[in-house]
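The block underneath contains the structure these notes are about, expressed in structure tokens.
We use all heavy atoms of the structure for the numbers below, so side chains are in, but hydrogens, waters and symmetry mates are not.
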Amino acid sequence: EAAGPAAAHRIPTYVRRSGRMGPTSQTALVHDVPLRALPTGWWNPAEVFPEFTRIALEIGSGMGEGAVQMAVADPTTALIAAEVHDAGVAATARAADAAKCHNLWIYHGDGLDALTDHIPASTLAEIRIWFPDPWPKRKHHKRRLITAAHVSLMVDRLRLGGVLHTATDVASYADVMQQVLGGCAQLEPVLVGGPRPEWRPLTKFEAAGRTAGRQVVDFRYRKV
């Protein structure tokens, strides 16, 4: 994805990881991912998602295990899985194809770019941000995804009644999430620092954190 002009002035919330991919993943990246790509420019929901009345965006979908499970569980919602890493988007495409998932699209890039340059205001029924990088060092806090400015952008792209759902297993970041989300006048709490809802997929990353003794908390806020 070609980044829009806004990206040039934004501090990245991620670090690109390089690594070797096997031939199957390389083939998926070249052939399968483009089949689930979205058009350039602004996405008119009626044209891009004509069969769906609900559109959800997952920012940082990783290897796609959670995104595919959610898409299969709710085939009436169009799900956009945004991920910057090649291995992640390749794995997502392979998993979606294996599950015969017709309602999942892949944005190979920064989810904030998708919000800024492609998604019109009042479009999304839900934004999901599960286990974003906590950037624990103080000097890196400016790189966090959950900030007042980023949340303001997300809320603008949510439709009335739309939900912003975050989760983390880092206590200090949980405090930040509660402060930032609770401080947005356009959001009302649905779940504040609660346990994982049963319907949210348990990913390998989350399971490893639980095994290590880290407490997972979820936050769900609705646009009013």
Side-chain angles (χ1 to χ4, degrees), residues 1-18 29-30 32-64 66-67 70-71 77-93 96 103-133 135 140 142-166 180-181 184 186-187 221 223:
E1 284 289 342
H9 305 287
R10 183 188 302 126
I11 299 174
T13 61
Y14 57 88
V15 173
R16 288 193 180 275
R17 298 187 299 269
S18 60
L29 187 64
V30 174
D32 301 334
V33 172
L35 296 177
R36 294 182 179 272
L38 290 154
T40 59
W42 287 99
W43 301 333
N44 182 336
E47 296 176 358
V48 180
F49 310 104
E51 301 177 17
F52 302 91
T53 58
R54 296 184 78 258
I55 305 168
L57 169 68
E58 181 176 343
I59 300 178
S61 52
M63 302 303 282
M70 289 292 290
T77 294
L79 176 57
I80 304 166
E83 175 58 48
V84 298
H85 298 108
D86 294 349
V89 297
T92 301
N103 58 322
L104 185 146
W105 285 260
I106 294 174
Y107 181 78
H108 190 179
D110 187 349
L112 292 175
D113 289 343
L115 290 168
T116 302
D117 301 322
H118 301 290
I119 299 175
S122 304
T123 294
L124 300 173
E126 186 167 357
I127 297 175
R128 301 162 183 164
I129 307 172
W130 296 334
F131 305 97
D133 194 327
W135 293 102
H140 292 153
K142 59 188 176 182
R143 290 181 175 271
R144 284 175 169 170
L145 185 55
I146 304 302
T147 66
H150 294 160
V151 167
S152 177
L153 171 63
M154 297 173 197
V155 171
D156 180 76
R157 295 329 192 233
L158 285 173
R159 68 188 190 186
L160 190 63
V163 171
L164 176 55
H165 185 174
T166 68
V180 172
L181 298 175
C184 180
Q186 289 181 278
L187 293 176
Y221 283 77
K223 181 178 179 178

Is there a side-chain contact between [X] and [Y] (heavy atoms, below 4.5 Å)?
{"X": "Leu104", "Y": "Arg36", "result": "yes"}
{"X": "Leu79", "Y": "Ile55", "result": "no"}
{"X": "Trp105", "Y": "Trp43", "result": "no"}

Sequence neighbours excluded, the answer for side chain to side chain contact (heavy atoms under 4.5 Å, CB included) partners of Val180 is Ile146, Val151, Val176
Report the residues that fulfil side chain to side chain donor-acceptor pair (under 3.5 Å) with Ser122, sequence neighbours left out, ordered by chain and then residue number.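 Ser122 satisfies side chain to side chain donor-acceptor pair (under 3.5 Å) with no other residue.
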Residues that Arg54 engages under side chain to side chain donor-acceptor pair (under 3.5 Å), provided they are two or more places apart: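 Checked Arg54 against side chain to side chain donor-acceptor pair (under 3.5 Å); matches are Thr77.
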Judged by atom type as modelled, is there a donor-acceptor pair below 3.5 Å linking the side chain of [X] to the main-chain atoms of [Y]?
{"X": "Asn103", "Y": "Ala78", "answer": "no"}
{"X": "Arg157", "Y": "Leu115", "answer": "yes"}
{"X": "Thr147", "Y": "His150", "answer": "yes"}
{"X": "Lys223", "Y": "Val155", "answer": "yes"}
{"X": "Arg128", "Y": "Leu57", "answer": "no"}

Roughly how far, to the nearest 0.5 Å, is the [atom2] atom of [Y] from the [atom1] atom of [X]?
{"X": "Thr116", "Y": "Asp110", "atom1": "OG1", "atom2": "CG", "answer": "8.0 Å"}
{"X": "Leu158", "Y": "Thr123", "atom1": "CG", "atom2": "OG1", "answer": "9.5 Å"}
{"X": "Met70", "Y": "Ser61", "atom1": "CE", "atom2": "OG", "answer": "13.0 Å"}
{"X": "Leu29", "Y": "Asp86", "atom1": "CG", "atom2": "CG", "answer": "5.0 Å"}

Which heavy atom in [X] sits nearest to a heavy atom in [Y], and how many Å separate them?
{"X": "Thr92", "Y": "Gly62", "answer": "OG1-O, 3.8 Å"}
{"X": "Arg159", "Y": "Thr53", "answer": "NH1-O, 2.8 Å"}
{"X": "His118", "Y": "Asp113", "answer": "CD2-O, 3.9 Å"}
{"X": "Met154", "Y": "Ile59", "answer": "CE-CD1, 4.4 Å"}
{"X": "Ile80", "Y": "Phe49", "answer": "CD1-CZ, 3.8 Å"}
{"X": "Ile119", "Y": "Trp42", "answer": "O-CZ3, 3.2 Å"}

Kindly determine whether Tyr221 and His165 satisfy side-chain contact (heavy atoms from CB on, under 4.5 Å), including the steps that lead there. CA-CA 7 Å; Tyr221 283 77; His165 185 174; over 6 Å; no
Assess whether side-chain contact (heavy atoms from CB on, under 4.5 Å) is satisfied between Ile127 and Ile129, documenting all intermediate values. CA-CA 7 Å; Ile127 297 175; Ile129 307 172; 4.1 Å; yes
